[in-house]
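Notes for the one structure printed next.
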Amino acid sequence: MQSHPRVRIAPSPTGYFHVGTGRTALFNWLFARRHGGTFVLRIEDTDTARNRPEHVEGIMSSLRWLGLGWDEGPFLQSERSALYERAIDVLLEAEAVYACDCSPADIQDRARKRGGPPGYDGFCRDRSLEATSGRMLRFKTPREGSIGFTDLVRGNPTFPLAAIEDFGVRKSNGEPLFILANVVDDADMSISHVIRGDDHTSNTPKYALLWEALGYGELPVFAHLPLINNAQGKKLSKRRDKVAVEDFRDEGYLAEAMVNYLALLGWSPGDDREILPLEEMISEFDLGDVKSSPAIFDERKLASVNSQYLRKMTPEEMVERSELWLRSRWEPLAPLVQERVRTLAEVYSMVEFLYRPEPVIDQTEWAKALRKNANFALVLEAAAETLAGAEWDVDGIHSALSAAGDKAGVANLRDSQAPVRLSVTGRSVGPPLMESLVLLGRDKTLSRIRAGLARVQDAPVTG
RNA sequence: GGCCCCAUCGUCUAGUGGCCUAGGACACCACCCUCUCAAGGUGGAGGCACGGGUUCGAAUCCCGUUGGGGCUGCCA
């Protein structure tokens, strides 16, 4: 191993920071620290249709929260297109790639007709199409032979080339595809060890092919980390599972506990120690000790680790850390709250809904609102629907609520707000609703609205 | 379908041919401590997926089976 390895974390800005990405970042960071290496942050935002610049800030803040500082970057792939274009020229020149004008539908049709496996069949490989805009570029994968690479955790896998189709390297709109930008950047940034999730193992032969075609010389060393799965054994997904590290932060987990727990997923110091100070992790971390079988994310264990960190604090630290957290929860609402209170004691009732798992419903106000508003349930129903698809900011929620009011036949926004406010905060008064909901989050808002709905249906007020 | 990978208590793991009657942690159960609850202590239940080899000896090595996962996108 060279003396000063260079590693990178290369997330794509998708709107949240996946715990799996966090674990990958941690292992990269640990490896770099252990060996006096350099940890590079690179944002893989080549898909302009999908990525948003503001999400880059989210990635950085999660990384900072975890304490995983980077030495270089962030480098944005969206700002490095010249590099990829140059690489494309090299590939074109060497005739390692060719233009293709097949639509996804064409490819699918042909696959179905020949009854074979899905995927690209090399239709344009020998058509010598000109590489004009509007045509994607594919790599001419050798039809026979095999290709392998060094992998510190999985041994040295070898892949038969025949199973690898002619994969795309550039989109028809001229944007580079992930695999191309990934390889070019790793070479440009002199990455020596590619430490990433196991979901990339199958991409690595393509990586190696491109690397070679571009004449980059010796391949980096790889380390494909076992995936982190949910309780069903499937890869953690945003839809089904809680996967965003910012969610754990918001729920009161400590960064150091999170890091400690994540380190234990796929790695262990080789004995029975589980609560490990960062320094010990750094001095003992070894990619060779990383397991190759996937792990299941167990929040109960995380909570247990967290509680151990909590108990170890001095009372002063405990107060300090709790206050920081308590404060961060309602801070964004502060300007709105201060206009509505006469004493500090009143602050509590204004923000309490943010801290409770479920709101405490003010019975009197609830009954009153129900009596006054014949469309109470209709509003809730409509709101649950429109809010589910709303952009989660003040404007988005505002229009969703208006739309809900229209649907429920309620004339003005104020009347359609009451049922929602009562269901979500339990009270009829409080800080402005949109801002409150933004802070509470979509999931909790929706589940509280549904609970409110159930409440109306269970006990309708008669008079 | 094709290619690749994985397989120790429910979960995270220790184990790299004899130290294994398989160790620890979370969760679970019981008891102790105790003004409640935690914490702590003690004990308990619970695992090498299966079948063949190799070997004096296999959780550990090999093969097969089964099960699971990943990839197979003009996403990353």
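- As the counterpart of B:U16, no nucleotide is assigned, since no Watson-Crick or G-U wobble pattern has both distances under 3.5 Å.
- If you measure from atom NZ of A:Lys206 to atom C1' of B:G70, you get 12 Å, rounded to the nearest angstrom.
- Residue A:Lys171 places its side chain closer to B:C74 than to any other of B:G24, B:C74, B:C71.
- Between A:Phe17 and A:His55, the ring center distance fails the sub-6.0 Å criterion.
- Put simply, A:Arg300 has no side-chain N or O that comes within less than 4.0 Å of OP1 or OP2 on B:C28.
- Among the heavy atoms of the strands lying under 4.0 Å from A:Ser292 are primed sugar atoms or P, OP1, OP2 only; no base atom is included.
- For the pair A:Asp271 CG and B:G24 P, the computed distance is 14 Å after rounding to whole Å.
- Closest contact between the side chain of A:Asn203 and the listed nucleotides B:C5, B:C12, B:C71 involves B:C71.
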Check step by step if ring pair (Phe, Tyr, Trp, His ring centres under 6.0 Å) holds for A:Phe222 and A:Tyr207.
CA-CA 11 Å; A:Phe222 293 86; A:Tyr207 184 112; 5.2 Å; yes
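- For A:Pro104, the listed nucleotide lying nearest its side chain is B:C74; candidates were B:C12, B:C74, B:A76.
- Rounded to whole Å, the C1' atom of B:C50 lies 12 Å from the corresponding atom of B:A7.
- Among the nucleotides B:C3, B:U11, B:C5, the one closest to the side chain of A:Pro157 is B:C5.
- As judged by a 4.0 angstrom heavy-atom cut-off over every strand, A:His224 is placed among residues making no nucleic acid contact.
- Considering only side-chain N and O atoms, A:Ser268 lies under 4.0 angstrom from the phosphate OP1 or OP2 of B:A14.
- In terms of phosphate contacts, A:Arg138 brings a side-chain nitrogen or oxygen within less than 4.0 Å of OP1 or OP2 of B:C74.
- Using a 4.0 Å heavy-atom distance criterion, A:Arg170 is classed as making no nucleic acid contact.
- Ion pairing between a basic and an acidic side chain is recognised when a charged N comes within 4.0 Å of a carboxylate O; A:Glu317 and A:Arg321 show no such pairing.
- Residue A:Thr14 is classed as having no contact, given no heavy-atom separation below 4.0 Å to the nucleic acid.
- In a base pair of the Watson-Crick type (N1 to N3 plus N6-O4 or O6-N4) or a G-U wobble (N1-O2 and O6-N3), with each distance short of 3.5 Å, B:C3 is matched with B:G70.
- Side-chain atoms of A:Asp298 lie closest to B:U11 of the nucleotides B:G23, B:U11, B:A76.
- Distance check on atom P: B:C61 versus B:C6 gives 11 Å, rounded to whole Å.
- For B:A76, one of the phosphate oxygens OP1 or OP2 lies less than 4.0 angstrom from a side-chain nitrogen or oxygen of A:Thr46.
- Contact annotation: A:Lys291 does not reach the phosphate of B:C12 (side-chain N/O to OP1 or OP2, under 4.0 Å).
- Residue-level contact check: A:Asp199 touches the backbone only, with heavy atoms under 4.0 Å from sugar-phosphate atoms and none from bases.
- B:C26 is paired with B:G10 under the Watson-Crick or G-U wobble criterion, all donor-acceptor distances under 3.5 Å.
- Looking at heavy-atom distances under 4.0 Å, A:Glu274 makes contact with a base.
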Check the pair A:Tyr216 / A:Trp211 against ring pair (Phe, Tyr, Trp, His ring centres under 6.0 Å), numbers first and verdict last.
CA-CA 6 Å; A:Tyr216 287 152; A:Trp211 187 277; 5.1 Å; yes
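- A donor-acceptor contact under 3.5 Å links the side chain of A:Lys301 to the base of B:A25.
- Proximity note for A:Ser293 (side chain, C-beta onward) versus B:G24, B:C6, B:C74: the nearest is B:C6.
- Rounded to the nearest Å, the gap between the C1' atom of B:C48 and that of B:G67 is 16 Å.
- Going from the C1' atom of B:C9 to that of B:A25 covers 12 Å, rounded to whole Å.
- Pair check for B:A49 finds B:U65; Watson-Crick or G-U wobble, both atom distances under 3.5 Å.
- In this structure, A:Trp267 has its ring center at least 6.0 angstrom away from the ring center of A:Phe27.
- Between A:Arg273 atom CZ and B:G24 atom P the separation is 17 Å, expressed in whole Å.
- Across B:C19 and B:G23, the matching P atoms stand 12 Å from one another, rounded to whole Å.
- For B:G70, the base has no donor-acceptor partner in the side chain of A:Thr201 [N/O atoms by modelled type, under 3.5 angstrom].
- At the heavy-atom level, A:Asp45 lies nowhere under 4.0 Å from the strands shown.
- Going from the C1' atom of B:G41 to that of B:U34 covers 13 Å, rounded to whole Å.
- Aromatic rings from A:Phe167 and A:Tyr120 are positioned such that their centres are separated by 6.0 Å or more.
- Exactly one of A:Lys206, A:Arg125, A:Arg138 qualifies for a salt bridge (charged side-chain N to carboxylate O under 4.0 Å, His left out) with A:Asp166. That residue is A:Arg125.
- The side chain of A:Ala163 has B:G2 as its nearest neighbour among B:C75, B:C12, B:G2.
- Comparing B:G10 with B:C28, their C1' atoms are spaced 10 Å from each other, to the whole Å.
- Side-chain atoms of A:Glu165 lie closest to B:U72 of the nucleotides B:A76, B:U72, B:C74.
- For A:Lys140 and A:Tyr98, the positive end is not near the middle of the six-membered ring at less than 6.0 Å and at most 45° from its axis.
- Using a 4.0 Å heavy-atom cutoff across all strands shown, A:Leu227 reaches sugar-phosphate atoms only and no base atom.
- A gap of 44 Å separates the P atoms of B:A27 and B:G2, to the nearest Å.
- Across all strands shown, A:Gly197 has no heavy atoms under 4.0 Å from either base or sugar-phosphate atoms.
- Of the listed nucleotides (B:U11, B:U13, B:C75), B:U13 has the atom at the smallest distance from the side chain of A:Ala295.
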For a ring pair (Phe, Tyr, Trp, His ring centres under 6.0 Å) check, start with the C-alpha distance between A:Phe297 and A:Phe248, then their side-chain angles and the critical distance, and finish with the verdict.
CA-CA 13 Å; A:Phe297 192 93; A:Phe248 290 97; 5.4 Å; yes
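- Pair assignment for B:C33 gives none, since no Watson-Crick or G-U wobble pairing has each distance under 3.5 Å.
- Within the 4.0 angstrom heavy-atom criterion, no nucleotide atom of any strand lies near A:Gly168.
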